[in-house]
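Heads up, the thing below is written out as structure tokens.
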Amino acid sequence: MFTDEWGPGAEDDVEEADVPGQWLVAHQLEEQVLDLFASEQRDDYRKMIEVNLLGAITTTEVFLDQIKDGGGDLVNISSVAGRVAGPGSGVYAATKFGINGWSESLRKELLPDVRVTLIEPGVVDTELPTHITHEQTRQGAAQLYSVATVTAEDIAEVITFTLQRPRHLAINEILLRPADQAH
């Protein structure tokens, strides 16, 4: 069970499971505040950082001993925004850049028994635009997402493909976008 609120003490809200064999921990926690940077959004920024970055860190922390002991895979879901930041997306992009850097560090720290994979999707047909706080940005994103051709199922297939590779092969990063997405 996972909580919507992350931060100190959040690990108490995650139930550990006794799963035989290899471990898989996958992260897709998402909070998005897109607007020009402004001091009045401090609480929104902090929540986004707690959900998008600290949520993944906390979840991994809870399962880290089991992952190390039994081997397995850690899949972090980031975003194209972890590589490209535009006006109005600075803090959101910072959380995704953070996931990218943290994933690379974990990859090196957990060698050779744990494979760490970073998935960086572009526009995916999800409810994400409903989480955008800036009205004009939300409308633009809703229009973009209304014609999204990549689905959550497509992302799941990519993750499955990655995990089915032989243990001696690690796919560390996958950047994927709809074929017609420019950024």
Side-chain angles (χ1 to χ4, degrees), residues 1-17 19 21-34 37 44-86 89-124 126 128 131 152 155-177 183:
M1 176 172 69
F2 297 91
T3 178
D4 290 333
E5 298 298 323
W6 293 96
E11 61 275 6
D12 298 334
D13 294 323
V14 180
E15 294 178 9
E16 295 186 33
V19 179
Q22 293 182 347
W23 275 85
L24 167 64
V25 176
H27 302 291
Q28 173 56 41
L29 307 165
E30 194 68 43
E31 181 71 25
Q32 191 171 38
V33 178
L34 295 181
F37 189 76
D44 291 334
Y45 296 145
R46 290 185 185 285
K47 181 179 180 188
M48 185 168 42
I49 292 165
E50 287 180 2
V51 170
N52 293 359
L53 184 56
L54 295 178
I57 291 170
T58 301
T59 304
T60 300
E61 188 178 57
V62 169
F63 293 102
L64 187 59
D65 290 338
Q66 291 91 336
I67 295 170
K68 286 168 133 180
D69 289 345
D73 294 276
L74 175 64
V75 178
N76 286 328
I77 311 293
S78 180
S79 170
V80 169
R83 294 176 177 237
V84 179
S89 69
V91 178
Y92 176 74
T95 66
K96 299 307 179 178
F97 273 82
I99 289 288
N100 295 5
W102 177 63
S103 296
E104 177 61 10
S105 178
L106 278 178
R107 182 190 71 76
K108 293 173 182 175
E109 292 175 22
L110 299 175
L111 285 171
D113 297 325
V114 178
R115 298 185 302 185
V116 177
T117 301
L118 178 68
I119 308 290
E120 300 164 282
V123 174
V124 178
T126 66
L128 187 60
H131 298 269
I155 304 302
E157 286 180 24
V158 169
I159 292 170
T160 299
F161 171 82
T162 302
L163 297 174
Q164 290 175 340
R165 300 306 91 204
R167 294 297 306 164
H168 70 273
L169 175 64
I171 299 175
N172 302 123
E173 286 187 57
I174 298 177
L175 174 66
L176 57 109
R177 299 178 174 107
H183 64 281

Restricting to non-hydrogen atoms, name the atom on Tyr92 and the atom on Ala81 that form the minimum distance, rounded to 0.1 Å.
CE2-CB, 3.5 Å
Between Val124, Ile119, Thr117, which is the residue that forms a side-chain contact (heavy atoms from CB on, under 4.5 Å) with Ile77?
Ile119
Can you tell me how far the CG atom of Leu74 sits from the OG1 atom of Thr60, to the nearest 0.5 Å?
4.5 Å
Minimum heavy-atom distance Gln66-Val62, with the two atoms named
OE1-O, 3.6 Å
Just verifying a value: how many Å separate Lys68 NZ and Asp113 CG, rounded to the nearest 0.5 Å?
10.5 Å
Pair Arg167 + Asp73: basic N to acidic O under 4.0 Å
yes
Flag side-chain contact, heavy atom, 4.5 Å: Ile155 against Leu176
yes
Between Glu109 and Ser105, a side-chain donor and acceptor under 3.5 Å
yes
Distance-minimising heavy-atom pair for Val116 and Ser103
CG1-O, 3.6 Å
Could you tell me the separation between the CG atom of Asn100 and the CH2 atom of Trp102, rounded to the nearest 0.5 Å?
11.5 Å
Set of residues satisfying side-chain contact (heavy atoms from CB on, under 4.5 Å) with respect to Arg165, sequence neighbours excluded
Arg115, Phe161, Leu169, Ile171
What's the verdict on side-chain contact (heavy atoms from CB on, under 4.5 Å) for Asn172 and Leu118, showing C-alpha distance, side-chain angles and the deciding distance?
CA-CA 6 Å; Asn172 302 123; Leu118 178 68; over 6 Å; no
Roughly how far, to the nearest 0.5 Å, is CG of Leu106 from CG of Leu64?
7.5 Å
I'd like to know if Glu50 pairs up with Lys47 as an ion pair, taking the criterion as any Lys NZ or Arg NE/NH1/NH2 lying under 4.0 Å from an Asp or Glu carboxylate oxygen.
no
Least distance between heavy atoms, Ala56 atom then Ile99 atom
CB-CD1, 3.7 Å
From CA spacing to verdict: side-chain contact (heavy atoms from CB on, under 4.5 Å), Lys96, Asn52:
CA-CA 7 Å; Lys96 299 307 179 178; Asn52 293 359; 4.2 Å; yes
